[in-house]
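Here the structure is laid out as structure tokens; the discussion comes afterwards.
Order of the sequence lines fixes the chain letters, A, B, ..., with proteins taken first and strands second; residue numbering starts at 1 for each chain.
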Protein chains: 2
Amino acid sequence: MAQTPGPGRQVQIAHIATQHYLQNKTRIEIANETGLSRFKVGRLLDEAVSSGIVRIDIQSPSGMRLDLSVQLKDRFGLMHAVVVDVPSDSDDVLQARLGSTAGDLLSEILTDNDVLGLTSGRTLSAMARSLSSLPKCGVVQLAGVAGPIQETGLEIMRRISAIAGVRPWTIYSPLVMSDAQAAVGVRRQPDTSQTFEQFSRVTVAVGAIGSWQPENSQMIKNRALDTSDREKLLARGVVAEFGATLITDTGEVIHDIDDRCIAISEKQWRAIPTVIAVAGGPTKTRAIRAILASGLLHGLVTDSATAERLLGG
Amino acid sequence: MAQTPGPGRQVQIAHIATQHYLQNKTRIEIANETGLSRFKVGRLLDEAVSSGIVRIDIQSPSGMRLDLSVQLKDRFGLMHAVVVDVPSDSDDVLQARLGSTAGDLLSEILTDNDVLGLTSGRTLSAMARSLSSLPKCGVVQLAGVAGPIQETGLEIMRRISAIAGVRPWTIYSPLVMSDAQAAVGVRRQPDTSQTFEQFSRVTVAVGAIGSWQPENSQMIKNRALDTSDREKLLARGVVAEFGATLITDTGEVIHDIDDRCIAISEKQWRAIPTVIAVAGGPTKTRAIRAILASGLLHGLVTDSATAERLLGG
DNA sequence: ATGTCGTTTGCTCATATGAGCATTGGGTAT
DNA sequence: ATACCCAATGCTCATATGAGCAAACGACAT
């Protein structure tokens with residue numbers, strides 16, 4: 001960094017910099033007005049930057065960490081990466097911010113011709129609550145219900161389809177069944193099977209991420225999974241779930257209980273052009289990293305602390 | 001101001017803006033790297049500014065208020081205007097900051113071929129104390145001594161000439177004599193008269209400003225001015241002194257006691273190519289305004305609160 | 001479908017700008 | 001004085017950029 005120029009020169013630089021940067025005059029105009037040569041004006045403007053008189057700051061007006069977003073995008077080859085700065089430690093605040101940001105992203109990229117796929121999860125509920133308008137696109141539920149009743153995917157589907165003004169394709173069933181037989185039965189239901197047929201039409205999907213290690217997921221707490229199931233899956237290295245797709249630290253997908261799940265399959269996930277995950281917080285970091293490694297995602301909405309952990313490790 | 005774009009677009013804009021503003025890539029380079037057209041890149045950069053994602057801040061790294069400096073310069077037709085931001089209310093801090101800034105300005109504009117003229121005053125003492133180097137220019141005292149001994153122009157002259165490495169032209173005499181006769185006598189002294197002969201060679205002068213209303217000046221407190229003198233001059237509208245030049249609100253120069261003063265005359269002041277005043281604080285505002293109105297000054301160093309008062313009224 | 005409107009995109013061409021070089025000028029050592 | 005050096009200045013010419021326009025597109029109503 002160049003050393004500070006004298007005060008008189010600082011004033012001159014400030015004057016020229018104001019004319020140029022704040023009033024969009026060209027160097028040539030400024031040169032004519034001040035009697036300097038355009039070269040001198042150009043050199044003073046260079047000095048304005050190098051001496052720190054002109055500071056150029058790039059940051060979102062709405063609390064986004066654009067620098068981290070860009071890094072995340074580059075590092076993990078994502079199409080969409082959005083990092084929000086959440087000052088509070090409160091989990092509720094985090095969910096709300098992530099949800100509303102994901103909602104903004106969704107309103108931005110969705111068009112009339114898209115078909116939107118959704119899973120359930122607290123963050124997605126927050127997203128549904130914050131959305132206020134959407135194009136008239138199709139809305140498809142991608143997985144059964146895993147959590148307590150008030151946070152079900154059904155509530156999310158209800159709200160989002162209402163906003164879009166269309167009838168949603170829903171799945172009235174739990175995410176995991178206790179045995180494969182029961183799952184087959186559910187999949188045979190007309191409503192469910194019609195929804196399953198929509199999966200291939202989905203163009204944009206938004207999903208929550210569940211963590212298995214530490215356990216922060218509706219799925220792993222589900223009664224249909226007994227202790228032995230859980231232990232076997234954990235032994236296989238499962239650390240994250242996305243819909244009902246189970247993933248290890250290396251990004252490998254574990255298919256052991258696919259036949260008991262009522263949800264979009266890995267293959268179908270991969271056929272969707274734009275898959276976006278929304279998740280944040282310390283307990284989810286490992287799971288997010290795993291799902292990024294799997295290559296399932298094209299987009300991620302997370303918080304700045306988590307983004308830093310993802311980039312740092 | 002345009003409304004905030006969606007988060008995905010914000011990230012894209014941030015990326016492009018970073019490349020352009022922080023890494024100095026051309027729009028064309030960015031276009032090639034991102035696959036966008038150069039026009040699109042240009043439009044996104046426009047949006048970066050209009051949406052507030054890129055903020056361009058013009059301010060001095062060293063606590064100067066460049067915006068006010070520029071305004072002052074324009075409003076009063078000055079060549080040099082320097083406004084420092086002084087957070088403290090302490091008069092000592094104010095003097096120190098003004099002095100050191102004036103010193104910086106002086107080091108900046110003085111060359112070997114200049115001849116520097118100085119008056120006395122607290123602020124100029126502070127300037128002398130803060131100066132650390134000067135070119136080998138001539139140094140001339142422009143007025144007799146008005147204040148208490150430790151703040152005399154003599155101390156200032158001693159220090160500044162030592163820094164410049166030259167012999168100064170000094171005036172060992174009070175600023176005001178009690179009668180014209182005495183003044184004639186002083187002016188006849190060889191030392192004094194030699195110094196007076198230098199006045200016409202002075203190219204850069206720095207002077208303090210004294211306020212007569214409210215009374216904040218060494219001159220008005222001088223014992224050589226009795227109550228009746230003071231009252232007469234105040235009745236004539238004197239509000240400020242610069243050296244021994246007395247000035248009214250309208251900028252008119254009052255010559256009533258010129259014959260009793262040992263100092264550079266108005267005419268000689270006006271012959272100096274660069275005359276700079278250093279003064280600040282609420283009590284000096286009116287005086288500064290008066291001297292600006294007189295057209296004696298080419299430069300002013302002051303504090304931000306005073307600058308705002310000067311510009312505001 | 002068809003036409004219309006408003007928006008987005010890329011084009012042309014005149015203009016602004018940067019890189020690198022030659023010139024100047026002032027200070028310094030011989 | 002003379003030669004030398006370094007910094008500051010302004011030049012030429014190739015390149016980057018902006019203004020304004022025209023084509024393409026998409027949403028919507030008819």
Problem set entry | Between CG on residue B/Leu110 and CG on residue B/Leu131, distance to nearest 0.5 Å |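 CG of B/Leu131 is found 9.0 Å from CG of B/Leu110.
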
For this session: Applying ring-ring contact (aromatic ring centres under 6.0 Å, His included), name anything that partners B/Trp269, two or more places apart in sequence or on another chain.
Result: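 ring-ring contact (aromatic ring centres under 6.0 Å, His included) list for B/Trp269, sorted by chain: B/Phe242.
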
For this session: For A/Phe196, enumerate each residue passing the ring-ring contact (aromatic ring centres under 6.0 Å, His included) test, keeping only those at least two apart in sequence or located in another chain.
Result: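 Listed in chain order: A/Phe199.
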
Exercise. Can you name the residues that form a salt bridge (charged side-chain N to carboxylate O under 4.0 Å, His left out) with B/Arg9, not counting sequence neighbours?
Worked result: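 Partners of B/Arg9 under the salt bridge (charged side-chain N to carboxylate O under 4.0 Å, His left out) test: B/Glu47.
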
For this session: Could I get the full list of salt bridge (charged side-chain N to carboxylate O under 4.0 Å, His left out) partners for B/Arg270, not counting sequence neighbours?
Result: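 Salt bridge (charged side-chain N to carboxylate O under 4.0 Å, His left out) check on B/Arg270 returns B/Glu266.
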
Exercise. Hey, where on DNA chain C does chain B first and last touch, going 5' to 3'? Cut-off is any atom under 4.0 Å from a heavy atom.
Worked result: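 Span of nucleotides near chain B: C/dT9 to C/dC13.
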
Exercise. What residues in residues 6-17 of chain A put a non-hydrogen atom under 4.0 Å from any atom of DNA chain C?
Worked result: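 Those residues whose heavy atoms fall under 4.0 Å from DNA chain C, taken from residues 6-17 of chain A, amount to none.
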
For this session: Write down the atom of A/Thr101, the atom of B/Pro7, and the distance for their closest heavy-atom approach.
Result: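 Closest heavy-atom pair between A/Thr101 and B/Pro7: O-CG, 3.8 Å.
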
Problem set entry | Where A/Val11 and B/Ala81 come nearest, the two heavy atoms and their spacing |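 Between these two residues, the closest heavy atoms are CG2-O, 3.2 Å.
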
For this session: Evaluate side-chain contact (heavy atoms from CB on, under 4.5 Å) for B/Ser62 paired with A/Gln10, printing each intermediate quantity in order.
Result: CA-CA 10 Å; B/Ser62 50; A/Gln10 285 191 36; 3.6 Å; yes

Could you list all the salt bridge (charged side-chain N to carboxylate O under 4.0 Å, His left out) pairs where at least one residue sits in [range], not counting sequence neighbours?
| range | result |
| --- | --- |
| residues 28-39 of chain A | A/Lys25-A/Glu33 |
| residues 125-141 of chain A | none |
| residues 96-107 of chain A | none |

Heteroatom pairs (N/O) under 3.5 angstrom, protein to nucleotides 21-28 of chain D:
none

Exercise. Taking for each residue the nucleotide of DNA chain C bearing the nearest heavy atom, is the 5' side occupied by B/Leu36 or by A/His20?
Worked result: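 Nearest nucleotide further toward 5': that of B/Leu36.
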
Problem set entry | Qualifying residues under side chain to side chain donor-acceptor pair (under 3.5 Å), relative to B/Asp46, sequence neighbours excluded |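 Side chain to side chain donor-acceptor pair (under 3.5 Å) list for B/Asp46, sorted by chain: empty.
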
Exercise. Between D/dG10 atom C1' and A/Phe39 atom CZ, what is the distance in whole Å?
Worked result: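 Taking atom C1' of D/dG10 as the reference, CZ of A/Phe39 is at 6 Å.
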
Exercise. More 5' along DNA chain D: A/Ser37 or B/Lys25, using each one's nearest nucleotide?
Worked result: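 By nearest-heavy-atom nucleotide position, the 5'-most residue is A/Ser37.
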
Problem set entry | First encountered from the 5' end of DNA chain D, between A/Arg38 and B/Asp46 |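 In this pair, the answer is A/Arg38.
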
Seminar exercise, completed: Taking Watson-Crick and G-U wobble contacts under 3.5 angstrom, with | marking pairs to another strand and [ ] crossing pairs, the secondary structure of DNA chain C is written ||||||||||||||||||||||||||||||

Exercise. Can you find a side-chain donor-acceptor pair between B/Thr170 and B/Gln141 that sits under 3.5 Å?
Worked result: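 The criterion, which ignores hydrogens and geometry beyond distance, is not satisfied for B/Gln141 and B/Thr170.
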
